[in-house]
Amino acid sequence: MRTPITALIAAGLVASSALASEDHDHEHEGDVFLVIENDQIVTGILDEGVFETERVFGVEFGEILPGVADEPGFDNFEGTFAANTEIAANFMSELTAWNGTDLSPAAESLIFEFGPESFTSSTGFVPGIGIPVEANGEWHNHYDMLISDALAIGVYVMEMELVSTQTGLAGSESFWFVFNNGDSETNHDAAIDYVESVLVPTPAAATMFAVAGVSILRRRR
């Protein structure tokens, strides 16, 4: 059953939803854009029709109702994914809060809703909701995203991944949503910079870990 908050959203956005459905074939540049590279889901943005890899995305609570957001969503070109498969966004960790220097566990929880189903952040991994890919191979969806205490001012961070039931398609690398709930844009930007510089592995680090992994495998044989 949908919560009263998201029920109000649904009731209040009937007209805009109808307009959005008419424009469904057009990619939305504000969404997290998805492509497949080397049989893996890759997250990024679409900038004037050109895809750029990105793993950190800012979110503003309160643009619809206090403590609620539905942007960004997820989008992709038609034919990207196999029809009759499902994709889910999973929470990879607990919700954390920006304290001005780094991140610490948040007192609040993060809730994602889609239709009548929902999932809530906990102390670790939480599986998401599998949402079907459309017949044209597109997966354009927006979760209703809520903070458990709409009055709690702060900047919050959630690490996520996208996984698919499509055979041979690997899930995405971790990506992060950085939520601002009534805090300053200065703090929001600082938290985004922190996540980009500290949490997102650099290409050199990823290569180093891959080489280390090969060495470990060789030693174990």
Can you list the residues that meet the side chain to side chain donor-acceptor pair (under 3.5 Å) rule with [X], with sequence neighbours excluded?
X: Glu108; answer: Tyr156
X: Asn141; answer: none
X: Asp102; answer: Asn99

Nearest atoms (heavy-atom pairs only) where [X] meets [Y]:
X: Ile153; Y: Gly182; answer: CG2-O, 3.6 Å
X: Ser93; Y: Glu159; answer: OG-CB, 3.7 Å
X: Leu95; Y: Ser121; answer: CB-OG, 4.0 Å
X: Met145; Y: Glu71; answer: CE-O, 3.5 Å
X: Asn181; Y: Ala150; answer: ND2-O, 3.2 Å
X: Asp47; Y: Glu52; answer: OD2-OE2, 3.5 Å

Does the plane of the ring in Tyr143 sit parallel, tilted or perpendicular to the ring in Phe114? Use 30° and 60° as the thresholds.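 The rings of Tyr143 and Phe114 stand perpendicular, inter-plane angle above 60°.
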
Group every Ile, Leu, Val, Met, Phe, Trp and Tyr by side-chain heavy-atom contacts under 4.5 Å, then state whether [X] and [Y] land in the same group.
X: Leu169; Y: Phe175; value: yes
X: Met160; Y: Trp176; value: no
X: Val157; Y: Trp98; value: yes
X: Val126; Y: Phe179; value: yes

Separation of [Y] [atom2] from [X] [atom1] (nearest 0.5 Å):
X: Ile147; Y: Ser109; atom1: CD1; atom2: OG; answer: 7.5 Å
X: Asp70; Y: Asp144; atom1: CG; atom2: CG; answer: 6.0 Å
X: Ile87; Y: Ser164; atom1: CD1; atom2: OG; answer: 5.0 Å

Residue pair [X] / [Y], side-chain heavy-atom distance below 4.5 Å:
X: Leu103; Y: Leu199; answer: yes
X: Val178; Y: Val155; answer: yes
X: Leu146; Y: Leu110; answer: no
X: Thr43; Y: Leu34; answer: yes
X: Phe177; Y: Val32; answer: yes

Go through the structure and list residues passing ring pair (Phe, Tyr, Trp, His ring centres under 6.0 Å) with Phe119, not counting sequence neighbours.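 For Phe119, the residues satisfying ring pair (Phe, Tyr, Trp, His ring centres under 6.0 Å) (neighbours in sequence not counted) are Phe91, Phe112.
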
With Trp139, which residues qualify under ring pair (Phe, Tyr, Trp, His ring centres under 6.0 Å), at least two apart?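 Here the qualifying residues are Phe74.
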
Do side-chain atoms of Ser172 reach the backbone of Leu162 as a donor and acceptor pair under 3.5 angstrom?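 Yes; judged by distance alone, with no hydrogens or angles, the pair exists.
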
Donor-acceptor under 3.5 Å (Gln40 side chain, Gly171 main chain):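 Pair found, side chain donor or acceptor close to backbone of Gly171.
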
Restricting to side chain to side chain contact (heavy atoms under 4.5 Å, CB included), what partner residues turn up for [X], sequence neighbours left out?
X: Ala82; value: Thr85, Gln166
X: Pro127; value: Asn90, Phe125
X: Thr80; value: Ile36, Asn76, Phe77
X: Thr53; value: Val42, Phe51

For Leu151, the rest of its hydrophobic cluster, which grows through side-chain links under 4.5 angstrom: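 In the cluster with Leu151 there is nothing else; it is isolated.
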
Below 3.5 Å, can you tabulate the donor-acceptor pairs from side chains in residues 54-64 to any protein atom, sequence neighbours excluded?
from, atom 1, to, atom 2, distance (Å)
Glu54, OE2, Val56, N, 3.1
Arg55, NE, Ser174, O, 2.9
Arg55, NH1, Glu173, OE1, 3.3
Arg55, NH2, Ser174, O, 3.1
Glu60, OE1, Asn180, ND2, 3.4
Glu60, OE2, His188, ND1, 3.3

Is atom CG of Asp189 surrounded by more than 12 heavy atoms (other residues, nucleotides or ligands) closer than 6.0 Å?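 Yes, enclosed.
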
